[in-house]
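Some notes on the structure that comes next.
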Amino acid sequence: MMPARPEHGPAPTLGHRQAPMLNALFFSLLPLAALLGSAAYTLVATYRLQDWRPVLFVGVLVLMAVHQGNELLVFAESGAGDALSGFGEYPETTANLLASAATVLLLRFVTRERDLSEQLRSLTGRLEARVQERTQELESFAYSVSHDLRVPLRAIDGYTTLLKQNHADQLNDEGRRLLTVVRENTQTMGALIDDLLTLSRLSRCEMRTEPLDMNALVQDAYDDLCRTDAATDGVDLTVQPLPPAVGDPSMVRRALLDLLSNAVKFSRGKATPRVEVRGTETAEGVVFSVHDNGVGFDMDYADKLFGVFERLHDEAELEGTGVGLAIVDRVVRRHDGQAWAESTEGTGTTVYFSLPHAPNSDD
Amino acid sequence: MTSTIATRPVDLLLVEDQPSDAELTLRALRALDLGTRLHRIKDGAEALDFVFGRAPYTDRSVEDAPGLILLDLKLPKVNGHEVLRALKSDDRTQQIPVIVLSSSGERSDVERCYALGANSYVVKPVDFDAFTQTVQRIGTYWLDLSEGAGPCPA
């Protein structure tokens, strides 16, 4: 069918004088408006995205708009009689409309993606904040429970001691032995509460990060251990020159104390107990290791090693609260490091942990 | 016993809600044989009434200040921090030595107490022998060695 030019007859629904006006409007003004509109949209989107590359589109769209506007001027001069009557007659009109639509769609898509990723980020942030809040609640719960447990524990220990001190003559040997057992258990529980409080404190405390002299920290922690643990007497401790690392000195010192204390405890049954501390730089960080030639553990249970209250030996064999390596793990994790262990039963254990690199001293 | 001692000067006021902790503390102090007059109160509100001579302690006066106050932090009604603030912010009571005796060794608790004007902060050990020793050292130092600003011995 022929396009409905006015001189060829009236359009089926419109009066024949209005048709050229409408055509001019539809095929010239509409693409012009579309071009200007999409150029404006591009500008707004560019601003919202804070990315100025799409400004190139604006240039092209404005150029196309100028061309389209020129076309409109031609109509204005020669009258609506020459108005276009369809897209096919003037390919640029079609191209202009398509270009506008494509630009808007493309930018819409990009903006939407950006919006979604922003939304995702804010949701993740909120979720993280909530997890942190809950963790804090849990930590403070653990903290206050541990504190409240100390009061009755002190009473048990106190009254048992008073009973033993002031009424020993009314008890026979078995009675006195029972009281000793009560006291020993009170002391174990006291140590347990202390360790739990340390664990909770290490999780909550603010970290101060500075370059660490690892040799000094190891020596310091070991001196501390020697003062409280008689088992260190026969131990042959070797500390290799250790590479520097970065971290919170008091937290790392605490972790070293627990590692050395374990190494001493596990190797004390040997004729010549040996403990060795080493360190190497790797691409991911500085890896330190504490090795002992002690009883070792079954590697099948290696995944349980760093959990709270996890013990791989029975209490009578090797005393302990089962919190030590959990403390090490907590400290190392807060430094974005890792802790792991290797062992052969009967020949020894090596516990590794990594810390961040010291800042490059070359520059 | 409370009614008679309440009207007399007191050398040491123990503010402690836990009966067992209170008994063990008083026992340790009595074993020192310093001849000190000890009085124990169970909560923070009553401790302030006692020191400031308010009901039910109207026959006491704020001038009969205890020579030393041993203060627990976790107390019913008015907690230890609040008692400390009330005592240290009043001219009539701020010179009374207050030793905080708490189960908590948290740095925040310690710092807060010193900021409020505590004269000392001591963590109560769980171990009975260590506990007795700690309390007795406080007693010996503050009741015997240290020159108090409290009432002169009659």
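Naming: A, B, ... by sequence-line order, numbering from 1 per chain.
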| Which of the residues Thr186(A), Val151(A), Leu153(A), Ile193(A) is involved in the greatest number of heavy-atom pairs with chain B at under 4.5 angstrom? | Val151(A)
| Looking at Asn215(A), Val218(A), Leu259(A), which hits side-chain contact (heavy atoms from CB on, under 4.5 Å) with Val277(A)? |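 That would be Val218(A).
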| task | Mind ranking Pro125(B), Pro19(B), Ser102(B) by heavy-atom pairs under 4.5 Å with chain A and telling me who comes out on top? | result | Pro125(B)
Heavy-atom cut-off 4.5 Å, strictly under: side chain, backbone, both or neither for [X] against chain A?
{"X": "Asp21(B)", "result": "side chain"}
{"X": "Lys74(B)", "result": "side chain"}
{"X": "Arg107(B)", "result": "neither"}

| What do the steps show when you test Arg150(A) against Ser104(B) for side-chain hydrogen bond (donor to acceptor under 3.5 Å, both in side chains), and what is the final call? | CA-CA 9 Å; Arg150(A) 275 183 165 168; Ser104(B) 158; over 6 Å; no
| When the ring planes of Phe50(B) and Tyr57(B) are compared, do they come out parallel, tilted or perpendicular, using 30° and 60° as the limits? |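 The arrangement is perpendicular - the two ring planes meet at more than 60°.
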| task | Indicate yes or no: does Glu133(A) engage Arg130(A) in a salt bridge with an N to O separation below 4.0 Å. | result | no
| Salt bridge check: are Arg176(A) and Asp173(A) linked by an N-O gap of less than 4.0 Å? | yes
